[in-house]
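One structure is given below, encoded as structure tokens.
Sequence positions, counted from 1, serve as the residue numbers for this chain. All heavy atoms count here, side chains included; hydrogens, waters and symmetry mates do not.
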Amino acid sequence: MKFRDGQIDVAIVAGPRLRLWPTQGVRVLSRYCSDAGLRVGWYGGPGIKVRGVLPGESGGAVVMVEDAQSRLHRVLAKAVVKISAELEFPLPFPGWYSPGLIPESTARRLLNEGSLNWQSVVVILGSGNRALRLGAELLERNLSSRVVCLESVYDQVQGWEVDLRRFEILGGKIAFGKPVGLDQKTPFTWSLKIQDPQGVRIIDAARIVSVGPFAEDAGYREFPPGSLLVEWENTEATQLQEDVEQVLLDEHRAVVLAARLVRGLAEPSAEFKSQLEKQLWSSKQKLRELESLSARRFRWSYEGKWLSAASKTALHAHEGVPKRLEAGKIKASIECVEAIGCRACEKSCPADAIRIDRDKKTFLIEDACTGCGFCLQACPSQVPVMIEGDAASSFTHLVFPITEKPLPKKGDRVSLLSRKGEVLAQSRIADLFLDGPVPLFKVEVPSHLVWEARGILPLENVGAVQDSSEFYQERGTRVEIQIQGDVRRVREGQLTSVALFEIGMARPNDILMCGDGSCGLCQIEVDGIKKFACETTIHQGMNVRFTRDHPSSSELCPCEGIETPTFQDRISAVKPETLEALTQVIGVGQGRCHGLLCRKSWMCLAEQAGVQVDRYHDWRFPWGDWTIK
């Protein structure tokens, strides 16, 4: 067997299931390291498969790489940074491991590539920004008539106020409770049992999506300490607007990690060292602000449907809100009262009328605002509104960004909605502007509602029950194939994993939908040849057989069949001090998926039992099933 050997200072490697390469965090990290004179290499993406990392006894590691021609490379690196895809599952409960509960990455793939029917109810586990934005997208696209975000870990919503506002204006609901059971009623309906202070409730849902967060975000982890072997979860967002919070966290953590690697491996110039120290200080400050936001959340309070006196005071004291309204002039009102890290509106303003500095209490430069509306179109949470007219007159005009389908027309009657989605009054569309990336609608509003109304809903949609057939979108040509001996019509060219969800034949093995076969769970037999469903596309006449199937279960580690009580009993009996010892004694996470399904869950349970979990990373080799050719 022939290996091609190489050496490098910093190897940045793509872990299993990572679809976007390189991530934004990788770009920032590699730029700072290379500017310091370090040799940096990216390993991952199309044609490059990282098979695993072999840590050295005295530091550094050997990265095993397979290229597109199946040639093997051994890369000796002084430091290794493994980039992992985000994957969140709740603590196991009866029925959790089933096709009814899918991670966010799988839900996104089904949204973008599939024709799955999401009617009528979708439950999202978690209440962070990504959960709220996924719920808002389902409602905006009319894919589901009801979306519930279920918070099961914390006592308050974890997302930003601006994302919560958008979600609730669109009709989304927040619930608090613990999932305690999941049963399949039909091929496309699941019954989720929720325990709350009032008892056990049941929601019949088309799908349950696991988004989180279910634990604090620890950032990157270095293990063993001082080894420069690091694991780091990155967002796969391609644009800041897709995942503002996580992109900002990744960028600032990249600076901190780069400084750690540069100090350990490089001797940069005094000038570069000074620049890096300044950027490091700034990034640490930003990280403290972002990570501490959960302790200083802002939430609107109400008296009935109306803002309370305290909320009105906070609103008018905010620097992003205009202090005077003038007849014939239109002004932006950017109501980000919560001190979030987003700067999308500031970057988009051509008049330089938005300068965000919360320490100096500057935000909207009112006299410089031209009312162009660019900030409305740039905001990922659709927070800004434009106010035209004097509040002393009978009516004022508000301009909203609206992406919900179908779009209303000029003259249409609409309901005015409060920040929590309650109907305040009726109005009509006075004008519309469709030239920009986000449609804008001017609405006539009674002046006493100018600070209350923050959303609209076409009047014919209020209380209407939508027919699920309206939301089913056919894409592509259907062909006949055989699955388990039955003839099925599915879309040609789509992934087999996606097709199984569409026709209600998905297995628990299919929920990760890796795209690279890294979990090794979704194996099927196609015309007598073993393949992975997440890598195999549909073609006319193919014969599919399930060669590996796992029933829905409540197991902590489905691959090894380890139940939660068994795991907890073994911890009590053995009393391991570290997670490394725990994995060796109990064997959890050593199954076919190499811990992708269960690692975060058993780490959380171990921490609750007093086991040290900080700075741990599982460097077991290889990362997935690997047949050396």
Qualifying residues under side-chain contact (heavy atoms from CB on, under 4.5 Å), relative to [X], sequence neighbours excluded:
X: Glu242; answer: Ala237, Thr238, Gln239
X: Phe176; answer: Glu151, Val157, Ile174
X: Pro576; answer: Ile571, Val574, Ala581, Leu582, Val611
X: Thr564; answer: Pro92, Leu556, Gln568, Leu605

If you compare all heavy atoms of [X] against all heavy atoms of [Y], which two are closest, and at what distance to 0.1 Å?
X: Ile8; Y: Val40; value: CD1-C, 3.5 Å
X: Asp510; Y: Cys522; value: OD1-CB, 3.4 Å
X: Glu236; Y: Ala85; value: OE2-CB, 3.6 Å
X: Val262; Y: Ala36; value: CG2-CB, 3.7 Å
X: Arg31; Y: Ser34; value: O-OG, 3.0 Å
X: Gly25; Y: Asn234; value: CA-OD1, 3.6 Å

Item to check | Which residues share a ring-ring contact (aromatic ring centres under 6.0 Å, His included) with Trp96, sequence neighbours left out | outcome: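 Phe89.
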Item to check | For Tyr43, ring-ring contact (aromatic ring centres under 6.0 Å, His included) partners two or more places apart | outcome: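 Expected list: none.
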Would you mind checking if [Y] and [X] are paired as a salt bridge, meaning a charged N to carboxylate O distance below 4.0 Å?
X: Glu137; Y: Arg133; answer: no
X: Lys286; Y: Glu251; answer: no
X: Glu231; Y: Arg221; answer: yes

Atom [atom1] of [X] and atom [atom2] of [Y]: how far apart are they, to the nearest 0.5 Å?
X: Arg260; Y: Leu29; atom1: CZ; atom2: CG; value: 12.5 Å
X: Gln484; Y: Met505; atom1: CD; atom2: CE; value: 6.0 Å
X: Leu261; Y: Cys33; atom1: CG; atom2: SG; value: 5.0 Å
X: Phe546; Y: Asn509; atom1: CZ; atom2: CG; value: 9.0 Å
X: Thr235; Y: Asp250; atom1: OG1; atom2: CG; value: 6.5 Å
X: Ile83; Y: Leu20; atom1: CD1; atom2: CG; value: 11.0 Å

Does the side chain of [X] reach to within under 4.5 Å of the side chain of [Y], using non-hydrogen atoms?
X: Val147; Y: Trp118; result: no
X: Ile203; Y: Ile208; result: no
X: Ser152; Y: Phe214; result: yes
X: Val81; Y: Tyr220; result: no
X: Val244; Y: Trp160; result: yes
X: Leu228; Y: Glu222; result: yes
X: Lys178; Y: Leu91; result: no
X: Arg592; Y: Leu521; result: yes

With [X], which residues qualify under salt bridge (Lys or Arg N to Asp or Glu O under 4.0 Å), at least two apart?
X: Lys600; answer: Glu88, Glu233
X: Arg74; answer: Asp5
X: Lys185; answer: Asp204
X: Arg201; answer: Asp196

Checklist entry - Any side chain to side chain donor-acceptor pair (under 3.5 Å) pairs touching residues 11-21, not counting sequence neighbours? => result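 Those involving residues 11-21 are Arg17-Ser105.
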Item to check | Glu607 atom CD, neighbour heavy-atom count above 12 within 6.0 Å | outcome: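 For Glu607, atom CD is not crowded (no more than 12 foreign heavy atoms under 6.0 Å).
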Item to check | Derivation of the side-chain contact (heavy atoms from CB on, under 4.5 Å) call for Leu495 and Thr537 | outcome: CA-CA 4 Å; Leu495 287 174; Thr537 55; 4.1 Å; yes
Where the side chain of [X] meets the backbone of [Y], is there a donor-acceptor pair that is under 3.5 Å apart?
X: Asp527; Y: Asn543; result: yes
X: Asp67; Y: Arg71; result: yes
X: Ser127; Y: Cys149; result: no
X: Thr566; Y: Ile562; result: no
X: Gln158; Y: Gln156; result: yes
X: Gln246; Y: Asp243; result: no
X: Arg207; Y: Pro99; result: yes

Item to check | Under the side-chain hydrogen bond (donor to acceptor under 3.5 Å, both in side chains) test, residues paired with Glu291 that sit two or more places apart | outcome: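 Checked Glu291 against side-chain hydrogen bond (donor to acceptor under 3.5 Å, both in side chains); matches are Arg253.
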Checklist entry - Does the side-chain contact (heavy atoms from CB on, under 4.5 Å) test come out yes or no for Ile124 and Leu150, once each step is laid out? => result CA-CA 6 Å; Ile124 299 176; Leu150 177 67; over 6 Å; no
Checklist entry - Going through the distances and angles, do Thr106 and Arg109 end up as a side-chain contact (heavy atoms from CB on, under 4.5 Å)? => result CA-CA 5 Å; Thr106 298; Arg109 192 154 198 170; 5.6 Å; no
Next on the checklist: What verdict does the side-chain contact (heavy atoms from CB on, under 4.5 Å) test give for Thr536 and Met542, after you've listed the backbone C-alpha separation in whole Å, the side-chain angles of each residue and the deciding distance to 0.1 Å?
Outcome noted: CA-CA 11 Å; Thr536 305; Met542 65 189 293; 4.2 Å; yes
Next on the checklist: Under a plain distance cut-off of 3.5 Å, with no hydrogens placed, do Thr547 and Gln523 share a side-chain donor-acceptor pair?
Outcome noted: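 A pair is found: one side chain offers a donor N or O, the other an acceptor, under 3.5 Å apart.
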